Enquirer: 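This is the structure I want to talk about, given as structure tokens.
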Amino acid sequence: AQSVTQPDIHITVSEGASLELRCNYSYGATPYLFWYVQSPGQGLQLLLKYFSGDTLVQGIKGFEAEFKRSQSSFNLRKPSVHWSDAAEYFCAVVPSGGYNKLIFGAGTRLAVHP
Amino acid sequence: EAGVAQSPRYKIIEKRQSVAFWCNPISGHATLYWYQQILGQGPKLLIQFQNNGVVDDSQLPKDRFSAERLKGVDSTLKIQPAKLEDSAVYLCASSLELQETQYFGPGTRLLVL
């Protein structure tokens, strides 16, 4: 079945530590890939997106993501986490030919310890 | 540039009552989306408009949910009658065109008692 999987429901890291959030998708053709962040009481903000080309994508707030076709993965990374990064992170896809219909994973909630 | 506006931000109703949410997209954005986000889940697309026409409403529970975008600008989403399981955050998003980046509003949090 077509799906977007974020295996980690909660992740806790210390401020200044590195971060990697996992995302796997299950679609026949490579979809468009996105990472969004949602802070409490806020709407979703786009961090970065991948359509084609270079498999390492740079986003806002120091985030990057790497597309790996062989693993059907699009993991989000940040080398040094700040306390303000505490939020919920959603991986999303637009399936090929999907008329811009975003399909979201269940999200990963990130907590940052001082 | 103003973002996507939604109102109200919060709504509490009893089951079987009706409720309506309003969304004003970013100026000039042709495509408008309504998503439902149940607690602990990612958002799920309910309906997608291109100008004032429906592109996708396959996941809209049409027996109780309706949406319109009469002049191709702002939109309303209605639930009538509401059920307990409709408790969720309703997010509106817009994009310049059909294949462009979606920008989200702050959402309306609905609690059905």
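Since we're looking at a predicted model, the values are computed, not measured. Here is the naming used below: chain letters follow the sequence lines, and residue numbers restart at 1 for every chain. Only this structure's heavy atoms are used, side chains among them; waters, hydrogens and symmetry mates stay out.
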Enquirer: Nearest 0.5 Å, please: how far is NZ in A:K101 from CG in B:D56?
Expert: 4.5 Å
Enquirer: Between B:Y35 and chain A, with a heavy-atom cut-off of 4.5 Å, which part of the residue counts as in contact: side chain, backbone, both or neither?
Expert: side chain
Enquirer: Under 4.5 Å, heavy atom to heavy atom: which of residues 43-64 of chain A reach chain B? Give them by number, or say none.
Expert: A:G43, A:L44, A:L46, A:K49
Enquirer: Contact part of B:T108 toward chain A, heavy-atom cut-off under 4.5 Å: side chain, backbone, both or neither?
Expert: neither
Enquirer: What's the spacing between A:F34 CZ and B:Q102 CD if we round to 0.5 Å?
Expert: 7.5 Å
Enquirer: Between A:W35 and A:I11, is there shared hydrophobic-cluster membership here, with clusters defined by ILVMFWY side-chain heavy atoms closer than 4.5 Å?
Expert: yes
Enquirer: If you count heavy atoms of other groups shown closer than 6.0 angstrom to NZ of B:K62, is the number above 12?
Expert: yes
Enquirer: Hey, which of B:G105, B:G107, B:P106, B:A93 has the most heavy atom pairs under 4.5 Å with chain A?
Expert: B:P106
Enquirer: For chain B, which residues from residues 75-84 of chain A lie under 4.5 Å away (heavy-atom distances)?
Expert: none
Enquirer: If two hydrophobic side chains count as joined below 4.5 Å and joins carry through other members, does B:I13 share a cluster with B:W34?
Expert: yes
Enquirer: For residues 25-44 of chain B, pull every pair meeting salt bridge (Lys or Arg N to Asp or Glu O under 4.0 Å), keeping only residues two or more places apart or in separate chains.
Expert: none
Enquirer: Please flag which part of A:Q38 lies under 4.5 Å from any non-hydrogen atom of chain B: side chain, backbone, both or neither.
Expert: side chain
Enquirer: Given that the side chain runs from C-beta out, which part of B:S95 has a heavy atom under 4.5 Å from chain A: side chain, backbone, both or neither?
Expert: side chain
Enquirer: According to a hydrophobic-cluster definition based on side-chain heavy atoms being under 4.5 Å apart (Ile, Leu, Val, Met, Phe, Trp, Tyr only), do B:L32 and B:V54 belong together?
Expert: yes
Enquirer: Counting neighbours of CD on B:Q80 that are heavy atoms of other residues, nucleotides or ligands and sit closer than 6.0 Å, is the number greater than 12?
Expert: no
Enquirer: Does any non-hydrogen side-chain atom of A:Y36 lie less than 4.5 Å from one of B:P43?
Expert: no
Enquirer: Would you say B:L84 has more than 12 foreign heavy atoms packed within less than 6.0 Å of its CG?
Expert: yes
Enquirer: How long is the gap from OG1 on B:T101 to CG on A:L102, to the nearest 0.5 Å?
Expert: 9.0 Å
Enquirer: What pairs meet the salt bridge (Lys or Arg N to Asp or Glu O under 4.0 Å) rule with one or both residues in residues 4-17 of chain B, with sequence neighbours excluded?
Expert: none
Enquirer: Is it possible for you to say whether B:Y90 and B:F49 belong to one hydrophobic cluster, with membership spreading through side-chain heavy-atom contacts below 4.5 Å?
Expert: yes
Enquirer: With a 6.0 Å cut-off (strictly less than), is the heavy-atom count around CG of B:L113, excluding the residue itself, greater than 12?
Expert: yes
Enquirer: For B:Q6, is it the side chain, the backbone, both or neither that has a heavy atom under 4.5 Å from a heavy atom of chain A?
Expert: neither
Enquirer: Taking a hydrophobic cluster as the set of Ile, Leu, Val, Met, Phe, Trp and Tyr residues connected by side-chain heavy atoms closer than 4.5 Å, whether directly or through intermediates, do B:I26 and B:I47 fall within one such cluster?
Expert: no
